[in-house]
Amino acid sequence: MPPKKKVRKRTINSDGDADNEVDSSPKPSLKRKASSSVEALEGTSAKQYCRWLMKSEPESRFENGIDVKFGIEDLKALPNQTSCWDGVRNYQARNFMCQMKEGQLAFFYHSNCKEPGIVGIMKIVKEAYVDHTQFDKKDVHYDARSNPEKPKWSMVDIQYQRMLKRFLPLSELKEYHLQHRTNGGPLKDIMLFTRPRLSVQPLTTEEFDFILSLEDQEPL
DNA sequence: GCCAACGTTGGC
DNA sequence: GCCAACGTTGGC
């Protein structure tokens, strides 16, 4: 088992079923099947997702008396700088995690904090497997409706890679997003703003590369 | 702490 | 299957 962490990951909800998707989003485009191909992943456009953005809270916040804080510094401090990304309780987010392949990269995003934004890069080191915290009554993300015979929730393991050369604030990403929406550009459809509450989201390589290039640019 | 957006639940 | 009520996310 990877380091046990209290990772922040979001959301509670329930129902559904185990491994086949269930995607409650009323949203038009994303309709996808559980695990399958990258192809299945993206609704209408032919975008390929092989990069990710994962949110976690770097500041203390107590849920049922348990601190859910888990920032990039916490990840860095773990043995192997590796952790499981447990606690995701949203079908869309789970389904995206199930699409992740070993070796792919993800941005570590700090949410619900003073300075929300992207702080670093991590790598998927273990593909989706059962999130044991769903059966742990003491865990913040315990899900009484999940059955061990048919677990509902999955997680992946991720490993710290590096910090970005500079912090990329949400506000700056938003400016680019708005700009690109008007004039065209790689961030015009980025889920960070089109699906603001999704805690695990895919990025196209264009989106990922553009964001990464910002670390060498002056802040807006 | 507020609150908008939106996902989930459950009555019908 | 609709939809109102409720709960959560997360920026501000």
Side-chain angles (χ1 to χ4, degrees), chain A residues 5-34 41 43 52-75 85-99 106-120 131 133-134 139-147 150-155 167-181 187-203 211 214 219-220:
Chain A
K5 250 335 45 178
K6 18 208 47 238
V7 178
R8 179 48 310 245
K9 288 53 95 327
R10 278 17 324 243
T11 327
I12 308 147
N13 61 4
S14 30
D15 189 352
D17 53 359
D19 285 310
N20 293 350
E21 56 350 330
V22 169
D23 184 0
S24 29
S25 93
K27 277 331 171 161
S29 31
L30 291 216
K31 230 20 207 271
R32 97 201 55 80
K33 245 37 214 348
L41 235 215
W52 311 94
L53 180 147
M54 302 168 85
K55 301 179 182 177
S56 187
E57 301 185 26
E59 294 173 6
S60 285
R61 189 172 65 80
F62 292 84
E63 233 177 276
N64 309 328
I66 298 165
D67 192 356
V68 295
K69 158 178 152 45
F70 187 72
I72 197 162
E73 298 302 331
D74 299 301
L75 172 60
W85 202 263
D86 61 301
V88 172
R89 297 293 181 269
N90 168 282
Y91 293 115
Q92 275 197 70
R94 177 203 63 184
N95 293 345
F96 283 131
M97 280 202 299
C98 289
Q99 303 277 351
F107 285 127
F108 196 123
Y109 177 92
H110 279 172
S111 68
N112 204 14
C113 57
K114 273 291 169 33
E115 297 199 291
I118 296 173
V119 290
D131 177 349
T133 66
Q134 66 198 298
D139 195 277
V140 203
H141 302 287
Y142 171 65
D143 182 355
R145 305 166 69 153
S146 185
N147 173 345
K150 213 183 161 202
K152 287 167 57 176
W153 307 112
S154 302
M155 63 187 181
F167 171 69
L168 299 178
L170 179 65
S171 56
E172 182 174 342
L173 296 169
K174 183 153 199 181
E175 289 189 56
Y176 280 111
H177 166 63
L178 294 173
Q179 201 173 296
H180 291 183
R181 220 176 46 178
L187 299 194
K188 97 181 137 61
D189 296 321
I190 189 172
M191 285 199 196
L192 192 55
F193 303 107
T194 61
R195 297 281 163 89
R197 300 186 310 150
L198 236 203
S199 67
V200 175
Q201 31 183 283
L203 296 173
I211 292 170
L214 296 178
L220 273 190

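The model shown is predicted, which means the values in this text are computed figures rather than measured ones. Each chain gets a letter, A, B and so on, in the order the sequences are listed, and its residues count up from 1.
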**Request:** Measure the distance from CZ on A/R197 to C1' on B/dC3 and round it to the nearest whole Å.
**Result:** 12 Å

**Prompt:** How would you label the contact of A/F193 with the nucleic acid (heavy atoms, under 4.0 Å): base, sugar-phosphate, or nothing?
**Reply:** nothing

**Prompt:** Please give, in whole Å, the distance from C/dG10 P to A/E115 CD?
**Reply:** 18 Å

**Asked** Can you tell me how far C1' of B/dC6 sits from CG of A/L192, to the nearest Å?
**Response** 16 Å

**Asked** Taking only residues two or more places apart in sequence or in another chain, which ones pass ring-ring contact (aromatic ring centres under 6.0 Å, His included) with A/Y142?
**Response** none

**Asked** Listed by chain and number, what are the ring-ring contact (aromatic ring centres under 6.0 Å, His included) partners of A/F107, not counting sequence neighbours?
**Response** A/F208

**Message:** What is the distance, to the nearest angstrom, from the CZ atom on A/R195 to the P atom on C/dG11?
**Reply:** 17 Å

**Request:** May I ask you to evaluate whether A/K55 reaches the phosphate of C/dT9, defined as a side-chain N or O under 4.0 Å from OP1 or OP2?
**Result:** no

**Asked** So do the side chains of A/T133 and A/R89 get within less than 4.5 Å of each other, counting heavy atoms only?
**Response** yes

**Request:** Give the rounded distance in Å between these two atoms: CZ of A/R94 and C1' of B/dG7.
**Result:** 15 Å

**Request:** Measure from the side-chain heavy atoms of A/Y109 and tell me the nearest of C/dG10, C/dG11, B/dG10.
**Result:** C/dG11

**Asked** Rounded to the nearest Å, what distance is computed from the CD atom of residue A/E59 to the P atom of nucleotide B/dG1?
**Response** 15 Å

**Request:** Round to a whole Å and report the spacing from CG of A/L170 to C1' of C/dG11.
**Result:** 7 Å

**Prompt:** Tell me: CG of A/N112 to P of B/dG1, nearest whole Å?
**Reply:** 13 Å

**Item:** Backbone of A/E59 reached by a side-chain donor or acceptor of A/H110 within 3.5 Å
**Value:** no

